[in-house]
Number of protein chains: 2
Amino acid sequence: MARPTIADIADRAGVSKGAVSFALNGRPGVSDATRARILAIAEQLSWRPHSAARALGASRVDSVGLVIARPARTLGVEPFFAHLVSGLQSGLSAHSISLQLLIVEDTEAEIEVYHRWHSEHRVDGVILVDLTVRDPRIDELKALELPAVVIGGRGGKGALPSVWASDRDAMLAVVEYLAALGHRRIAHVAGTPNFQHTQRRMRALRDAAPRLGLVDAPSLPTDFSDAEGAATTRKLLSQAVRPTAIVYDSDVMAVAGLGVAMEMGVSVPGELSIVAFDDSILTQLMHPALTALSRDTFEFGRQAAEVLLEVIAEPGTTINRRTADPVLTVRESTAPPS
Amino acid sequence: MARPTIADIADRAGVSKGAVSFALNGRPGVSDATRARILAIAEQLSWRPHSAARALGASRVDSVGLVIARPARTLGVEPFFAHLVSGLQSGLSAHSISLQLLIVEDTEAEIEVYHRWHSEHRVDGVILVDLTVRDPRIDELKALELPAVVIGGRGGKGALPSVWASDRDAMLAVVEYLAALGHRRIAHVAGTPNFQHTQRRMRALRDAAPRLGLVDAPSLPTDFSDAEGAATTRKLLSQAVRPTAIVYDSDVMAVAGLGVAMEMGVSVPGELSIVAFDDSILTQLMHPALTALSRDTFEFGRQAAEVLLEVIAEPGTTINRRTADPVLTVRESTAPPS
DNA sequence: TGCAGGAGCTATACCGGTTTATCACTTCAG
DNA sequence: CTGAAGTGATAAACCGGTATAGCTCCTGCA
């Protein structure tokens with residue numbers, strides 16, 4: 001028999017459809033003996049619920065969504081999303097929830113997707129990444145009453161639930177280490193300034209500068225591309241007085257920066273120390289291998305999944321779960337200044 | 001009104017549910033005037049079909065699946081999948097079909113997913129990647145009668161529909177170029193030998209060697225990891241008589257190989273030319289930038305989506321669509337041997 | 001003995017669409 | 001003028017589950 005339905009099971013068990021539904025969902029209404037019999041038959045027929053039928057009846061689809069609004073070409077190289085997605089799936093599959101992934105060009109398209117998903121009942125909730133400063137998505141999602149969890153940005157008051165790690169502490173760990181090595185001129189090649197995490201990192205550096213006795217600690221915004229990472233590095237290294245260390249907001253930019261240093265004959269780590277936010281195979285492939293800030297992105301995703309499921313189960317709850325701080329993995333690209 | 005249904009539309013239009021369904025799906029049974037009226041009302045109420053309801057009624061879910069069976073850590077760096085997914089989505093979204101993406105550890109888990117998807121009616125069809133030599137997935141999918149399209153491997157007789165580019169021609173383009181530069185000792189750091197594309201590339205090189213007068217043209221299998229790529233390179237460069245050119249089956253391995261060359265003081269491209277199968281930002285970030293074989297992976301995905309939709313619409317049709325050949329992008333890592 | 005209450009189950013409505021059988025009405029050929 | 005075919009619609013069944021009202025026993029207690 002191809003694709004048995006609960007009616008088939010009901011027939012064989014000699015009970016009603018309703019009883020079968022009760023038994024299969026582990027809810028009261030049938031005796032233990034009957035339940036066992038029904039479960040055995042379901043098992044034997046290798047029955048699986050028809051997802052659409054269940055969705056229609058139970059008005060929940062057992063599926064959550066993730067929209068990534070970045071140009072596809074910048075996506076592949078960063079392991080961040082691949083790891084995040086794996087982690088999400090790991091957290092979701094335990095509850096047999098599936099993940100809808102969509103890559104779009106910009107935030108406008110992203111919001112449109114939320115509207116469509118909502119009106120077509122395609123997801124029970126969504127995960128938000130790359131939070132910007134006054135993020136338009138938050139109000140949209142609230143208006144839609146679509147459960148959502150923000151990744152990476154702590155929600156303020158009345159904000160959405162979130163899963164986050166401290167960008168501030170991460171940046172402090174980096175600059176305190178560099179300062180301890182003796183660096184006093186540290187530059188920061190930042191990401192897009194309208195991302196909240198970029199802002200937080202910039203602020204952390206600015207705040208820490210006086211305490212650490214930094215002479216100069218500029219944060220230079222970029223668009224996260226390797227091209228701008230390289231250009232910014234070139235500018236920094238062309239100054240009369242160069243920074244002795246540069247912190248990059250992504251591994252791709254750090255690699256591009258290393259290339260510029262080599263091209264300009266600036267030795268790393270002899271004349272310049274380099275640190276990358278976000279670790280990946282990229283940083284390890286370089287010569288010298290790059291000192292980097294490693295986060296457990298997989299675990300991040302797992303936790304986000306958990307929180308989202310809680311929010312879906314109990315709409316209105318606001319959870320702000322802080323995850324483990326990133327750790328600084330020191331490799332060959334950092335040393336005391338000469 | 002929140003989330004209007006076709007019953008609401010039927011009410012306002014003063015017609016039956018059935019008429020509304022006909023009108024909205026562009027099928028005969030209603031007059032043009034009525035159709036226009038219904039469409040206008042649907043538009044005004046911003047109605048969207050409830051995906052589960054439609055799936056239940058029409059026994060099709062407007063969703064296709066892609067399972068990637070690779071350890072998550074090796075995934076992120078290769079832009080291949082990110083571009084493929086983007087391309088797939090681009091081809092699918094035109095028909096309002098969504099993509100289910102799942103990352104699993106191994107083929108066994110992948111097959112299990114197909115069974116689940118099938119019995120839960122979660123997808124109308126699937127995309128297959130990383131075809132192996134006697135791939136167990138093919139028989140499974142045939143048994144399930146789940147429409148499928150193979151990416152990258154041309155199907156033989158009685159095989160599944162496919163979208164492919166010629167690995168053979170690609171490899172020939174590379175070695176013919178290297179031979180033209182004067183190289184006679186060309187090594188090939190290959191991928192996993194049970195992947196069909198690895199086999200085809202190895203065979204292409206072996207076949208072309210005599211014609212091009214190659215003295216030595218070994219293909220050395222690896223597991224596609226940077227570690228084995230490096231180790232294999234180290235072995236090659238430690239031989240008494242070194243190859244003057246190495247072709248790598250992935251960009252990650254090529255980068256690792258470049259690192260080994262630098263570490264061993266072998267100048268690139270002076271003493272060693274390097275070519276990478278698969279182009280990405282990685283190859284461009286290197287110094288020297290790597291000559292690479294670029295494929296339009298996005299377009300690849302788009303075509304795969306098209307073919308899959310055709311197969312779903314007309315099960316049984318076997319399409320083997322060949323896509324544009326990869327082109328060799330020459331950068332700084334190749335030169336005549338010294 | 002009568003009745004409340006609960007366990008165990010059935011029958012049925014329902015979710016929001018699609019599909020089919022049927023019907024009224026028009027048109028046109030014979 | 002009649003019958004056949006076609007058009008534009010309706011009503012109802014259906015997809016495969018879930019949710020709920022209600023029914024039948026059985027038990028316990030007054």
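Just so it is clear: chains get the letters A, B, ... in the order the sequence lines come, proteins before strands, and each one is counted from 1. Not measured: the values here are computed from a predicted model.
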**OP:** Begin from the C-alpha positions of A/Gln303 and A/Arg321 and carry the test side-chain hydrogen bond (donor to acceptor under 3.5 Å, both in side chains) through to its verdict.
**Re:** CA-CA 8 Å; A/Gln303 303 232 12; A/Arg321 186 182 297 184; 3.1 Å; yes

Original post:
Which pair of non-hydrogen atoms, one from B/Gly91 and one from B/Leu309, has the smallest distance, and what is that distance?
Top reply: O-CD1, 4.3 Å

Subject >> Short side-chain N/O contact to C/dG16 OP1/OP2 from B/Arg54, under 4.0 Å >> reply: no

Original post:
How about A/Val64 and A/Leu99: do any of their side-chain heavy atoms sit closer than 4.5 Å?
Top reply: yes

**OP:** Check every strand shown and say whether A/Arg48 touches a base, only sugar-phosphate, or nothing at a heavy-atom separation below 4.0 Å.
**Re:** sugar-phosphate

**OP:** Please check the phosphate of C/dT19 (OP1 and OP2 only) for any side-chain N or O of B/Arg27 closer than 4.0 Å.
**Re:** yes

Original post:
For the pair made of CD in B/Glu120 and C1' in D/dG16, what is the distance, rounded to whole Å?
Top reply: 13 Å

Original post:
Once each nucleotide of nucleotides 5-15 of chain C is scored for protein heavy atoms under 4.0 Å, what B/S/- sequence comes out, 5' to 3'?
Top reply: ---SBB----B

Original post:
Are A/Glu306 and A/Arg302 close enough for a salt bridge, meaning some N to O gap below 4.0 Å?
Top reply: yes

**OP:** Mind calculating the distance between CG (B/Asp62) and C1' (C/dT18) to the nearest angstrom?
**Re:** 13 Å

Original post:
If we fit an axis to the first five pairs and another to the last five of the helix from C/dT1-D/dA30 to C/dG30-D/dC1, what angle do they make, to the nearest 10°?
Top reply: 60°

Subject >> Whole-Å distance separating the CG atom of B/Leu24 from the P atom of C/dT19 >> reply: 13 Å

Original post:
Tell me, for nucleotides 22-28 of chain C in 5' to 3' order, what letter each nucleotide earns: B for a base near a protein heavy atom under 4.0 Å, S for only sugar-phosphate near one, - for neither?
Top reply: -------

**OP:** Measure the distance from CZ on A/Arg60 to P on D/dT18 and round it to the nearest whole Å.
**Re:** 8 Å

Original post:
So, do B/Thr5 and B/His50 sit near enough that their side-chain heavy atoms are less than 4.5 Å apart?
Top reply: no

Subject >> Protein-nucleotide distance (B/Asn25, atom CG; C/dG17, atom P), rounded to Å >> reply: 10 Å

Original post:
Does B/Trp47 put a side-chain nitrogen or oxygen below 4.0 Å from OP1 or OP2 of C/dG16?
Top reply: no

Subject >> Nearest-Å distance for atom pair CG/C1', residues B/Asp11 and D/dT10 >> reply: 14 Å

**OP:** Identify the heavy atoms of B/Ser90 and B/Ser93 that sit nearest to each other, and give their distance.
**Re:** O-OG, 3.4 Å

**OP:** For residues B/Leu144 and B/His115, report the shortest heavy-atom separation together with the two atoms involved.
**Re:** CD2-CD2, 3.6 Å

Subject >> Which atom of B/Thr297 lies closest to which atom of B/Phe80, heavy atoms considered >> reply: CG2-O, 3.4 Å

**OP:** Return the minimal non-hydrogen interatomic distance between B/Thr107 and B/Ala69, and the atom names on each side.
**Re:** N-CB, 4.2 Å

**OP:** Could you go through the side-chain hydrogen bond (donor to acceptor under 3.5 Å, both in side chains) check for A/His118 and B/Arg3 one step at a time?
**Re:** CA-CA 9 Å; A/His118 178 257; B/Arg3 313 194 192 185; 2.8 Å; yes

**OP:** Check whether any side-chain heavy atom of B/Ile127 lies under 4.5 Å from a side-chain heavy atom of B/Leu84, and answer yes or no.
**Re:** no

